[in-house]
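Working notes for the structure below.
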Amino acid sequence: IKGLTYTPDGSKLEMYSTLGFFGALSGATVKNLTVEVAKIYTECPALEFSLGGIAGAACNESTILNCTVLAANDQAMIASKQTATGDVRNSLGGIVGLVGQSTVEGCVNNCPVRVQNTFNTNNGSNSYHAGGIWGYNQGASFAKSCTNNAEIGGKVGEEFWGDSPRIGGIVATGNSTVTIENCTNNVSFDFQAEDTKDVLASIAGIAADVKGLTVTGCTNNADIHVKNLANTGNGGKGLQLAGIVGYARAATAVAECVNN
């Protein structure tokens, strides 16, 4: 599939929308699919949505196997912009935005994932989540032998980030049991906070914010660049940065991983 462009009018979207080559998968298997993305983008008010190159969402024991997302050109992106105040969850991933009790295996992302959002001030799940493979999960899910080769986040100097994001080279947020095996992040990514904000930002090469996580045999080959000179927050607010896991909120096991 070449030159996928999907830029719906955000004002006409429903309260929850899933955008991608497939909108949503339920109990489905997608394999050996290559999608070249020109632009998957929505600009909308305070709506909950999920965007991904292969699927917006994959739930109910779906499997995405041996799929690849390519960038059609230097301007290609999977991105969103929230245009009105509201604390809602925005989930973006190179492969899939939202995952629920499903598996992503043998997949490669080569398309940048970005969010422009200065309205959402929530620190919890109703924040926004951007990952090289998936953005957010609910329900036990698996990422196996996946690779991210694309920028996650905005370049320093561009206002792609506002308050309280979770940014992961492989997975942004695991809100329930997540297993990540033999995955690799190869591209550095940047975070630029609002200059006057004390934000809670979880940023990591493999997984940003997780609970019930098992990470085995994963490698981060990328730098994490942060620009936030005004953040004075401690404890609940501040920057949680790591090569492998940014913030672990419950039982977490990390083994045989490498941060380069």
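This structure is a prediction, so every number in the text was calculated from the model and none was measured.
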| said: Would you compute the distance between atom CZ of Phe49 and atom OG1 of Thr18 and round it to the nearest 0.5 angstrom? | reply: 12.0 Å
| Contacts of type side-chain contact (heavy atoms from CB on, under 4.5 Å), residue Glu105, not counting sequence neighbours | Leu65, Thr103, Lys144
| request: Can you see which heavy atom on Ser50 is nearest to which on Gly56, and at what distance? | output: CB-O, 3.2 Å
| task | Report yes if some heavy atom in the side chain of Leu98 is under 4.5 Å from a heavy atom in the side chain of Gln138; otherwise report no. | result | yes
| task | State whether the number of non-hydrogen atoms from other residues, nucleotides or ligands found under 6.0 Å of Asn32 atom CG is greater than 12. | result | yes
| Which residues share a side chain to side chain donor-acceptor pair (under 3.5 Å) with Asn149, sequence neighbours left out | Asn110, Asn186
| query | Do Val113 and Met77 come close enough that some side-chain heavy atom pair is under 4.5 Å? | reply | no
| query | Is there side-chain contact between Ile64 and Phe22, with heavy atoms separated by less than 4.5 Å? | reply | no
| said: Let me check something: do Phe142 and Ile95 share a hydrophobic cluster, defined by ILVMFWY side-chain heavy atoms less than 4.5 Å apart, either directly or through other members? | reply: no
| task | Tell me, please, which residues at least two apart from Ala140 pass side-chain contact (heavy atoms from CB on, under 4.5 Å). | result | Thr177
| field | Smallest separation among heavy atoms of Ala172 and Ala208, with atom names | value | O-CB, 3.1 Å
| task | Could you tell me whether the side chain of Arg249 reaches within less than 4.5 Å of the side chain of Asn175, counting heavy atoms only? | result | yes
| request: Starting at OG1 of Thr219, measure out to CD of Glu256 and round the result to the nearest 0.5 Å. | output: 10.5 Å
| query | Can you hop from Val187 to Leu241 via hydrophobic side chains spaced under 4.5 Å? | reply | no
| Nearest heavy-atom pair of Gly135 and His129: which atoms, and what distance? | O-CB, 3.3 Å
| remark: Scanning both residues in full, the closest heavy-atom pair of Val37 with Ala76 reads O-CB, 3.2 Å
| said: For the backbone of Ile224 and the side chain of Ser188, can you confirm whether one donor and one acceptor N or O come within less than 3.5 Å of each other? | reply: no
| request: Let me see the working for Val178 and Trp134 under side chain to side chain contact (heavy atoms under 4.5 Å, CB included), right down to the final yes or no. | output: CA-CA 12 Å; Val178 178; Trp134 79 58; 3.8 Å; yes
| query | Which heavy-atom pair separates Glu181 from Thr179 by the least distance, and what is that distance? | reply | OE2-CG2, 3.5 Å
| Closest non-hydrogen atom pair between Tyr136 and Ser91, with its separation | CB-OG, 3.3 Å
| Out of curiosity, does Leu70 fall in the hydrophobic cluster containing Ile54 (side-chain heavy atoms, cut-off under 4.5 Å, transitive links)? | no
| task | Start with the C-alpha gap between Ile133 and Cys183, add the side-chain angles, then the distance that decides, and say whether side chain to side chain contact (heavy atoms under 4.5 Å, CB included) holds. | result | CA-CA 10 Å; Ile133 303 303; Cys183 292; 5.9 Å; no
| request: Using the rule that two of Ile, Leu, Val, Met, Phe, Trp, Tyr join whenever any of their side-chain heavy atoms come within less than 4.5 Å, decide whether Val96 and Phe21 are in one cluster. | output: yes
| task | Decide yes or no on side chain to side chain contact (heavy atoms under 4.5 Å, CB included) for Ile170 and Cys218, but give the supporting numbers first. | result | CA-CA 10 Å; Ile170 302 299; Cys218 292; over 6 Å; no
| said: Would you say Val69 ends up clustered with Val30 if hydrophobic residues are merged whenever their side chains have heavy atoms under 4.5 Å apart, either directly or through other cluster members? | reply: yes
| note | In this structure, CD1 of Ile78 is separated from CD1 of Ile40 (nearest 0.5 Å) by 5.0 Å
| query | Should Ile206 and Cys257 count as side-chain neighbours, where that means a heavy-atom distance under 4.5 Å? | reply | no
| message | Looking at Gly139, is its backbone amide N or carbonyl O close enough to the side chain of Asn137 to form a donor-acceptor pair, meaning the two atoms are under 3.5 Å apart? | response | yes
| said: Quick check for you: to the nearest 0.5 Å, what is the distance between Glu61 atom CD and Ser102 atom OG? | reply: 7.5 Å
| message | Checking the side chain of Ser62 only, and the main-chain atoms of Thr29 only, is there a donor and an acceptor separated by less than 3.5 Å? | response | no
| request: Please round to the nearest 0.5 Å and tell me the distance separating atom CG of Asp209 and atom CD1 of Ile167. | output: 12.0 Å
| query | If only atom types and distance count, is the side chain of Ser145 paired as donor or acceptor with the main-chain N or O of Gly106 below 3.5 Å? | reply | no
| Spacing of Gln101 atom CD and Ser141 atom OG [to the nearest 0.5 Å] | 7.0 Å
